[in-house]
Amino acid sequence: MDLESETVYLPVKEEEESRFTVRALTDMGEIHLCEDKNTVVSEMYDDGTHGDEQAGDNIYTCYIELESEETGTVRYYAKADGETSNSVDVYYFSVPTEEIINEMKSIEGELSEIESGYADENGYVPDEKLPDVMSEISDYVRELYERKQILDYEINDGNVLFRFHSGIPYLYSPSVEGTDEEGEELSLSVITCQPYEGTYPGWLDPYLELPDQTAEKLDGVFGNCSFSSETDYDGEEVTLSLIRSFSSDEIILWHGHGGYSAEYHSILGTGEMFDWIHHFGDAVRGQIVWLSDGRAGITSKYIDEYCGDLSRSFFYLGTCKSGMDDVLANSFLNKGAAAVTANSDTIFTVYDLLMIQSVMNNMTILNQDTENYHTLGEALELAKEQYGEDDRGYGIKDSIAEVLIFGGEQAENYRIAEYEKVDEESLRKILSEYTSEPVLNFIYDDFDNNDSHEAIAFCGREDEVDGSYVGIFYLVTGNGVQAIRDFGGYWDTGKVFDFGTEKIFAVTQYFTTGGITFYYQIDEDTIREVDGSGIGEGLYQDEQGRMCMTDSQYDASVDGSGHTWNVYYFYWDDGLKEYGGTAITTDEFRQYNGADDILAQIAADGYEVTSIYQRKNGIININCCDGIWNKNVRVAYTDENVEVSPVTEGYFYEEGIIKPALNTEIATY
């Protein structure tokens with residue numbers, strides 16, 4: 001007969017009900033649970049009652065109350081017809097004294113000293129030295145056990161777990177660089193937890209920003225998701241009380257260090273330091289583990305004990321070995337969580353973070369086959385296509401880790417939201433529910449080319465004098481309305497520029513002598529102002545198909561008078577870019593056929609060339625001046641030839657000075 005107990009470690013003077021189970025090979029009739037000295041404490045049942053799950057399966061069960069006023073061990077065994085099972089010891093511990101705490105600290109110091117002998121200048125143990133440090137640590141722990149300084153120990157792949165005589169478990173993991181081993185519609189709150197933020201090497205900083213960026217993306221795409229600085233927890237902010245506060249309708253993106261032991265299964269490192277006094281009871285029960293970096297790690301038992309209703313919540317556990325088995329995941333699922341994603345083994349940090357971002361971002365994208373957002377299962381497959389089935393391409397280590405989904409078919413089919421296709425009429429209705437102002441312009445388009453339409457609307461009034469608009473521009477999507485600009489009056493109607501794979505919305509505000517154009521790009525439900533916005537007046541195409549923008553100036557005369565509209569050239573390449581002008585000499589300009597005739601005309605008219613700028617879009621601008629007037633000549637060039645390219649047929653000169661670039665921040669040369 002094989003006897004087991006759910007509870008083996010307990011603080012003194014605290015009562016807890018424990019389930020005892022004995023497995024028999026045959027029907028044993030009556031089986032009794034006994035304490036030391038053959039004292040019967042309970043009958044054990046195989047009839048589907050008293051905690052027994054199935055009658056007649058030769059698995060006998062009972063519940064008893066465990067409690068002791070003193071430290072020590074109570075031994076239990078099962079007995080039937082003269083046959084006796086193995087024994088199970090239940091240990092009782094008291095809060096450690098200062099002397100005992102110092103002894104534990106001393107052992108911790110010895111472990112740190114051993115590791116330091118193998119660590120590099122940054123405090124990390126190189127891969128080639130991991131077997132050696134683990135071997136020496138394991139030998140040291142075995143010596144502690146032989147000297148009876150610890151109660152028991154467990155040597156695992158990548159860590160060593162042991163329990164002090166105080167009842168406190170301790171998990172040692174070597175410090176390794178680049179892995180995450182410790183070492184109406186449903187509204188969802190998006191929470192990011194990064195307890196080890198600030199402890200990674202600096203080169204990982206861009207990757208460590210991905211969970212927060214991902215949460216912001218969820219907030220921007222889904223009207224039912226919200227993320228803010230108040231739900232962004234880093235370092236010591238990731239406390240045990242935060243974990244206890246997890247509730248229903250939440251998306252938890254957790255990234256940090258973790259570990260695994262056969263006794264406690266997957267362990268999550270928190271941002272809270274281990275406290276030998278306050279954490280004592282939870283540590284003895286195996287709900288909290290003292291980690292080798294001094295922090296408190298939690299096990300599935302902590303979730304079982306302290307977390308409440310987690311219905312409809314989703315957990316992405318981005319740590320090493322968080323999904324080495326299903327015990328930790330099940331602790332969340334048993335509380336009602338819809339799905340859990342976790343890692344099968346020790347995982348490289350870069351792969352871990354890229355997968356967090358990719359999986360979650362894929363869930364914001366429409367699946368064209370289903371006309372709905374990707375499910376978790378679909379999103380994971382897409383992420384694996386992008387970054388690999390596992391982490392083997394991100395470094396060299398003994399184990400290979402992959403991302404797993406726990407929760408069965410329901411979890412595989414989990415969606416953050418259901419997609420509802422919206423038409424123009426429904427968007428107009430959404431806008432009307434938001435504002436009662438007259439709609440003066442309504443541009444309905446698929447601005448981000450994702451097969452989902454949005455609208456940009458101008459609400460307000462038309463100026464009776466000049467016909468300009470006074471009011472507010474709005475972005476309208478199926479998830480609601482956002483105000484774009486509210487700068488008063490003198491706006492035009494706005495227009496859309498289509499660059500094939502991307503589009504931008506342009507709107508111009510006019511002033512007495514000119515205007516300024518603002519450019520916006522839409523990505524899902526997020527709108528952002530494009531780099532280069534706010535300079536120049538309007539985009540348009542000239543007769544040759546070039547994208548142009550005019551700049552209102554007073555530079556026709558050298559004294560700063562005379563209104564001009566100077567032309568500059570732009571293009572789109574994953575953002576608005578300007579064709580900047582590179583200065584060339586008159587001799588360099590003369591290399592083109594036809595250049596001598598142009599320069600001769602300028603000289604004959606009494607002008608002196610002041611500067612020449614050549615642009616990669618086939619335009620050369622020649623600035624010249626006669627001491628009173630500033631002029632410029634626009635020249636089109638090919639590989640060998642140049643010719644004047646006037647705005648209006650018959651004009652050789654234009655007024656004003658053409659600069660190398662209108663917007664130097666986005667100019668290319």
Side-chain angles (χ1 to χ4, degrees), residues 508 510-517 532 534-544 546-571 577-669:
T508 301
Y510 295 102
F511 302 94
T512 303
T513 60
I516 295 177
T517 302
I535 296 179
E537 180 181 327
L539 274 177
Y540 64 92
Q541 282 188 319
D542 64 13
E543 293 179 356
Q544 290 73 38
R546 301 185 183 95
M547 188 185 301
C548 306
M549 187 185 300
T550 58
D551 179 38
S552 174
Q553 295 291 331
Y554 282 87
D555 60 358
S557 172
V558 294
D559 64 4
S561 63
H563 197 177
T564 64
W565 286 269
N566 302 323
V567 179
Y568 296 87
Y569 299 93
F570 293 80
Y571 66 100
K577 303 290 193 300
E578 179 180 356
Y579 287 108
T582 301
I584 62 173
T585 65
T586 53
D587 288 341
E588 289 173 319
F589 179 63
R590 290 182 188 277
Q591 301 302 312
Y592 291 99
N593 297 325
D596 287 336
D597 292 341
I598 295 173
L599 293 173
Q601 179 69 54
I602 293 172
D605 292 338
Y607 293 96
E608 181 180 347
V609 174
T610 57
S611 58
I612 305 177
Y613 297 112
Q614 182 169 337
R615 306 176 195 276
K616 288 187 176 180
N617 67 332
I619 290 292
I620 294 175
N621 298 111
I622 303 174
N623 289 312
C624 54
C625 182
D626 64 359
I628 300 175
W629 299 103
N630 294 312
K631 302 285 187 179
N632 67 82
V633 181
R634 186 184 333 197
V635 177
Y637 72 90
T638 60
D639 290 341
E640 297 180 353
N641 305 309
V642 291
E643 62 178 353
V644 176
S645 178
V647 174
T648 304
E649 190 67 30
Y651 281 80
F652 186 84
Y653 298 104
E654 296 172 61
E655 296 181 331
I657 303 170
I658 302 298
K659 298 178 289 188
L662 177 59
N663 188 335
T664 57
E665 292 183 358
I666 61 172
T668 61
Y669 299 90

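All residue numbers in this chain count up from 1 along the given sequence.
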Where is the tightest heavy-atom contact between [X] and [Y], given as atom of each residue plus distance?
| X | Y | value |
| --- | --- | --- |
| A661 | Y669 | CB-OH, 3.8 Å |
| F570 | L662 | CZ-CD2, 4.2 Å |
| Y569 | R615 | CD1-CD, 4.2 Å |
| D542 | C548 | OD2-SG, 3.7 Å |

task = Evaluate the ring planes of Y554 and H563, with Trp represented by its six-membered ring, and classify them as parallel (under 30°), tilted (30 to 60°) or perpendicular (over 60°).
result =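 Ring orientation, 0 to 90° scale: parallel.
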
4.5 Å side-chain heavy-atom contact, [X] and [Y]:
| X | Y | answer |
| --- | --- | --- |
| L539 | T517 | no |
| V633 | Y653 | yes |
| V567 | Y540 | yes |
| F589 | I622 | yes |
| E654 | W565 | no |
| I658 | Y568 | yes |

V609/L599 under side-chain contact (heavy atoms from CB on, under 4.5 Å): CA gap, chis, key distance, verdict = CA-CA 8 Å; V609 174; L599 293 173; 4.1 Å; yes

Tell me whether [X] contacts the main-chain N or O of [Y] through its side chain, where contact means a donor paired with an acceptor under 3.5 Å.
| X | Y | answer |
| --- | --- | --- |
| E655 | T564 | no |
| R546 | Y571 | no |
| N630 | I657 | no |
| D626 | G606 | no |
| E643 | G594 | no |
| T610 | N623 | yes |

inquiry  = The criterion is side chain to side chain contact (heavy atoms under 4.5 Å, CB included); which residues satisfy it with D559, sequence neighbours excluded?
reply    =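 In terms of side chain to side chain contact (heavy atoms under 4.5 Å, CB included), with neighbours along the sequence ignored, D559 is linked to S557, S561.
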
With rounding to the nearest 0.5 angstrom, report the [atom1] to [atom2] distance, [X] to [Y].
| X | Y | atom1 | atom2 | value |
| --- | --- | --- | --- | --- |
| I612 | C624 | CD1 | SG | 10.0 Å |
| T585 | Q591 | OG1 | CD | 8.5 Å |
| R634 | F652 | CZ | CZ | 13.0 Å |

task = Go through N566 and D551 one step at a time and tell me if the side-chain hydrogen bond (donor to acceptor under 3.5 Å, both in side chains) criterion holds.
result = CA-CA 5 Å; N566 302 323; D551 179 38; 5.0 Å; no

ask   = According to the salt bridge (Lys or Arg N to Asp or Glu O under 4.0 Å) rule, which pairs have a member within residues 591-608, sequence neighbours left out?
value =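 The answer is R590-D596.
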
query = Counting only heavy atoms not in Q601, do more than 12 sit closer than 6.0 Å to its CD atom?
reply =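 Counting other residues, nucleotides and ligands, CD of Q601 exceeds 12 neighbours.
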
